[in-house]
Each structure stands twice: as structure tokens, then as C-alpha cells.
Amino acid sequence: MPVARPEPQEPRVIAHVDMDCFYVQVEQRRNLVLRGQPTAVVQYNDWKGGGLIAVSYEARGFGVKRSMRGDEAKRVCPGINLVQVPVARGKADLNLYRSAGSEVVAILASKGKCERASIDEVYLDLTDAAKEMLLQAPPDSPEEIFMEAAKSNILGLLSDAGEKEKNVRAWLCRSDADYQDKLLACGAIIVAQLRVRVLEETQFTCSAGIAHNKMLAKLVSGMHKPAQQTVVPSSSVQDFLASLPVKKMKQLGGKLGSSLQDDLGVETIGDLLSFTEDKLQEQYGVNTRTWLWKTARGISGEEVEDRLLPKSHGCGKTFPGPRALKNSASVKGWLDQLCEELSERIQSDLNQNKRIAQTLTLHARASKENERDSTKKFPSKSCPLRYGTGKIQEDAMKLFESGLHEFLESQNTGWSITSLSVTASKIFDIPSGTSSILRYIKGPSSAAPPAIPDSLSVPEDPSLDNDVFVKPIHEEQCQPSMSEKEDNNAHSASAISAKQRQANEEKRISKKLPEVKGTSSILKFLSWGQSTFHEKRKSDGLICSHQGPGSYSEANKAEEHNVPAEAGDRNNTSSCAEPSGSNTWMFNIQDIDPAVVEELPPEIQREIQGWVRPSKHPSTKRRGSTISSYFPPTRS
DNA sequence: ACGGCTGAAACC
DNA sequence: TGGTTTCAG
């Protein structure tokens, strides 16, 4: 359900930039022969010619649509070029398009706050830049840029045939305009400039919408395509929305939009205006009602987030019909492939952007052998993410088994899996100055060395594959890791990540967030007597097993030693995949007593400082003896 | 037997 | 919270 946000009182200048048939453009840049030709990008050519995921404008002219099959597209447009998405590890590999998207983001982020909305879309908050331009009177922009801006489409600006560009020029610099329109005009010029730069530096064209909020900018960015931009002056909003079909509005393309049509007879956004809150009251919750009310009036307070990188990484594959997986071995095989890709991607994120993912989640779709249409769904499962391909594979398989067990409800029926996916989420920036901790996170085995002292290189260390105490590696021993230049899987240029990290760090401080939620790898530094703690699952909280002399088996023992919580202690712990028979306790990396830090090698001490802080974890409140020096009760 | 693969966000 | 659901492209 959409949620309305408070509207900033000051007028903003927001742009939404959308790449034109992006995957096609990426392929056309790789293979110039495809330029200007009817072209589509397709994945999996073996079944009915594969599914189209992007279509060039030439091909659209022939009636080729996204979500056609390759065969169908050939029928409609025999001359079409079908380019296949690269395949790696038996699945579509979108990295080529991801990094192309990053090229664009790096350019678009130069003029103001920039939010990566998807692989090929961004939002920009150009308010400051527009105000700045407005201070120079008259605004100075190169004629080349102004010419481009003059090609804008201005919503509500009536133009006699052939006079459009002249009228737009006039609109862009009319001196009697109100302040808001002047800001928008500057926004249009800035966006035109950015689009020219994108074209020059990447060879990609894009379209854009410029308005006072995200909703309106997004709404019009696709209105004139390709390679055009559209401006929404305040004065044209009412008329524009009045005739806009409800389904065109973002968030109303699905069930909510259908409900508005079917249940209330609302056909356009304008129709919504005649509905008072009372009438909507019977149908929808308060959030939806106020969102609808504001939306109908073109009001949207949603801010542009300062974020150039994705919040999660996922890889998945479907196994339709006869391809469904029916035994653990085949599931394991595919899961291994997916995890391999995921591991590679988060490793790139780590190396390039200094970000660590905390949670691994497994999703699957499944059906049971006999029950034709069991409504029962395969449950998602998650656990703390441990770096290293082998570990991810191992953990993912455990998550699968756990989910399968729950799915089957101890029935003895056969099953089949029709889709699998693994996702890495809860990604945090690593605070500057703590980067050497990364040496203890396993990197790609093919890693080549980077000799930069404070670099993020992650050396291969086979011992890290074992859940045992690992001695700190000295700087000299530091193996080189993958060079950043060779890392073509990377998500963004370091120029981006530096700027982004800076922004994130400021955000973190202002919000008083903890610097970093620790990665479980830190546990490797913590030993208790001759015991070793093994990281196990659960995101945020960690479930750890204890091995060594004097094993503790039951909750009461755990209590006695003030282990924060026994695994079954929390009502949702049962959803974790736990190794049967092992002793598991849950605690949080943030629960570590600062005293422990003193026992650690100085190098590590410095690293951990700032990571160790009181935990919010409710299950850590009990007080105990021995182990409390390691895992003190929370004060709070 | 399918649009496949991604991603974000709100709800409970 | 983690897990589910919705939406989008």
C-alpha cells in the first residue's frame, strides 16, 4: 500500500531519467551493426525463441512488444535482430547491463542528489542546482545545451505547428514566469545538459521528466520517447491528471488500480477528486486514502534518496514445468550455481564499494506431487551471510532444507521446485579506518593481489573456510586480491562509491545509527578458553554453536553462563535452519564486551573499536557470570 | 508449460 | 523481527 509523505514546503526541482530500451542500447553499443536496426534482447533462445526483455524503437514500429516470444517477434518483424542475454552458470547474467547502468549513474549524480531507482532509471533532486542557475541572470548555458533544452516538451504549452521550439525557447526564458516555473526551466536546462553528457560519454540516449516531485517527473519521463524530455509546470498538473487513466499512475497499475475502477468506477485520476475521504473510507485504509487524496492533486512529498547503489543483490532462476527440480541433488546443483554468482557480486560490492551484506535469504516456489493445487507456499528463509562461495552454498542449502521441511509438514510426498533464488541484503558501508578487517573475510579463490595497504583486497585464505580460530594475518602476508580494474563485475566506479560513502556516513551520523552491524567473521577472533564459537544463522542476531571442553547443552546452562539466549528462546528462531544436535545460542556481534577487545591483537582492537556497543537485542538482558565478560548483558 | 529476473517497499 | 505480498520494468 502506498504511503503519503509530508510535502516539503519549498518547491523542488525533481527529474526522473529513464534510459531508452536500455538493454538494446547496450547491445547496440557492443555491436554497431545493430544500430538503427529493429533489434530486441532476448533470454533463453531454446523455447519459442526466448522471451523479449527489451525492444528497439525500430522494432516497436513493426508491432514488436516486450513479452513477446522470439518466434512471435520474427513473425511480426522478419528482419528483427535478436540478441541473447549472456548466460553464465546456466542462467541469464545481467552484469553487462548493471555496469552499463552504473556508467550512467556516475554521470547523472554529478549535479545533485541522485537515487538509483532501477538498473536504468534514476531520480535527481536538482533544486539546489536550479536555484544556483537562477541566481545568474540571465542563466548562462552554452547555446548547444540551450538548443537541446529547447526541444523539451512543456506540458500544457500550446504550440502551433512548427512553432513548438520557438515557444519552448520563449517559455524557458520568459521573465514574467513565476518562481516555480523559472526553477523548472533551469531544471530543464540542467537535465538537457546531463543528457547530452550521457550521450557523449556512454553513447546512450535517455528520456526524462522534470517536475516538482517524483511522482510527476516519473509520470512524464516516458511520455515522449526516445531521447526527449518533458516538463510539468504546476499550472498544467490539474488538466494533466484529470484525464490520466488511473492505471497509468505508479502504484495503481495493479490490484489497487483495478479496485478503484471496479469498485468505485474511477477511470481517471481526476475522477478521484470527487471522492471524499468518507467514500473511500469503506474501501481502503487510512494510508491509502490520504495517499490517493494527495495523488489526485498531484501532491507527493517523497524525497529523492541519496543512493547510487542497490540495496540488495539477488540471483534466481525458474524451472518451469518439466524442468522442475525433484530431488535434493539437482537443487543443490542449481543452488551452487546461484550462490556462485551471488558470491561474486557481493565480493565485487565489497571490493569496489566497501560494503558488506549481512543477510542471506533463500526463496523458492514449490508444489507437492499429488496435491494439484496446494495453496501452501514454500517459506523464505534467511540467515547471517558469511562471505566465501563455499559458505554461501552451504548455508543456502541448509536454508533450503529447512524450508522444505516446513513446506512438507512431515508428509512423505514427493515435491518439485519451480523456482529458486538467493538474495544478499542488509548491506552496510564499512566505516573508514576499519577496512583491514576485511582480510578475514574470504575472497575469491582466484584472487590476485593488490598491494595497497589500506585497500580492500581480500586475500584467499583456505583456513577461513574452516570454522576455527584464525590468527591475524600480517600486512606483509597479505595476499593480493582481485584488482579493481579487472573486476568487470563491479557495480560502480570508485568515483561513485567515494561520494556515496561520504553521503552515507553523514546520514549515519545524523541518524545516530551504529557504524556497522558486525559481520560474523569477527567471531573468529573470539575464543573462550579452548573453545571456538561457530557462526551459524540468523541475520542480525547470530546463532552460534560452541565447541570445545565443557560443552553446554541446555538452556539452563546457557542461562548460568549468561549466554544471551538459547536458540529456541525466541519465537521465531524455529525458522532457522539449525544443525541438529549442536548447541546453539543466539547473540549479537554488538553484544561483545569491550573488555574482550583488549585481549585481541592490537591491530584487531583498532578494527573492532566502534563495532562494539550495547545491543538492542531483547534476549540479551539476563545477567550471568563467566561468559558475561565476553557477552555482557545489555544495558538499556 | 511459465514472461524471467530483478529490485524496492509496506504490512504484520 | 523475518516472511509475505504487491508493484514495477
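Sequence lines set the chain letters: A, B, ... in the order given, protein chains first and strands last, and positions in each chain run from 1.
- Distances shown here put every side-chain N or O of A:Arg365 at or beyond 4.0 Å from the OP1 or OP2 atom of C:dT4.
- Counting to the nearest Å, the P atom of B:dT6 and the CD atom of A:Glu121 are 17 Å from each other.
- For A:Arg30, the salt bridge (charged side-chain N to carboxylate O under 4.0 Å, His left out) partners at least two apart in sequence or on another chain are A:Glu27.
- Non-hydrogen atoms lying under 4.0 Å from DNA chain B are contributed by A:Trp47, A:Leu52, all within residues 45-52 of chain A.
- Between A:Lys218 and C:dA8 there is no side-chain polar atom (N or O) within less than 4.0 angstrom of OP1 or OP2.
- For A:Trp334, the ring-ring contact (aromatic ring centres under 6.0 Å, His included) test picks out A:Phe319, with sequence neighbours left out.
- Checking the phosphate oxygens (OP1, OP2) of B:dG3, no side-chain nitrogen or oxygen of A:Tyr44 falls inside 4.0 Å.
- Between A:Ser382 and C:dG3 there is a side-chain N or O to OP1 or OP2 distance below 4.0 Å.
- With B:dC5, B:dA9, B:dA10 as the candidates, the nucleotide lying closest to the side chain of A:Val3 is B:dA10.
- Annotation: cation-pi pair A:Lys368/A:Phe407 present, NZ/CZ under 6.0 Å from the ring centroid and within 45° of its normal.
- Residues forming a salt bridge (charged side-chain N to carboxylate O under 4.0 Å, His left out) with A:Lys91 (at least two apart in sequence, or on another chain): A:Glu341.
- The residue A:Ser312 sits close only to the backbone: its heavy atoms come under 4.0 Å of sugar-phosphate atoms, none of a base.
- Regarding contacts with the backbone of B:dG7, a side-chain N or O of A:Arg98 is found under 4.0 angstrom from either OP1 or OP2.
- Of the possible donor and acceptor atoms, none in the side chain of A:Glu103 sits under 3.5 Å from a partner among the backbone N and O of A:Thr202.
- Contact between the side-chain N/O atoms of A:Lys311 and the OP1/OP2 oxygens of B:dA8 is not found at any separation under 4.0 Å.
- Counting only residues at least two apart or on different chains, the salt bridge (Lys or Arg N to Asp or Glu O under 4.0 Å) pairs with a member in residues 81-90 of chain A are A:Arg89-A:Glu340, A:Arg89-A:Glu344.
- When distances are taken from the side chain of A:Arg69 to each of C:dC7, B:dG3, B:dA1, the shortest belongs to B:dG3.
- The side chain to side chain contact (heavy atoms under 4.5 Å, CB included) check on A:Val24 picks up A:Cys21, A:Gln28, A:Thr39, A:Val41, A:Ala54, A:Ser56, with sequence neighbours excluded.
- Which of B:dA8, B:dA9, C:dG3 sits closest to the side chain of A:Ser380 comes down to C:dG3.
- Residues A:Leu338 and A:Gly321 each lie close to DNA chain B; by heavy-atom proximity, the contact nearer the 5' end of the strand is made by A:Gly321.
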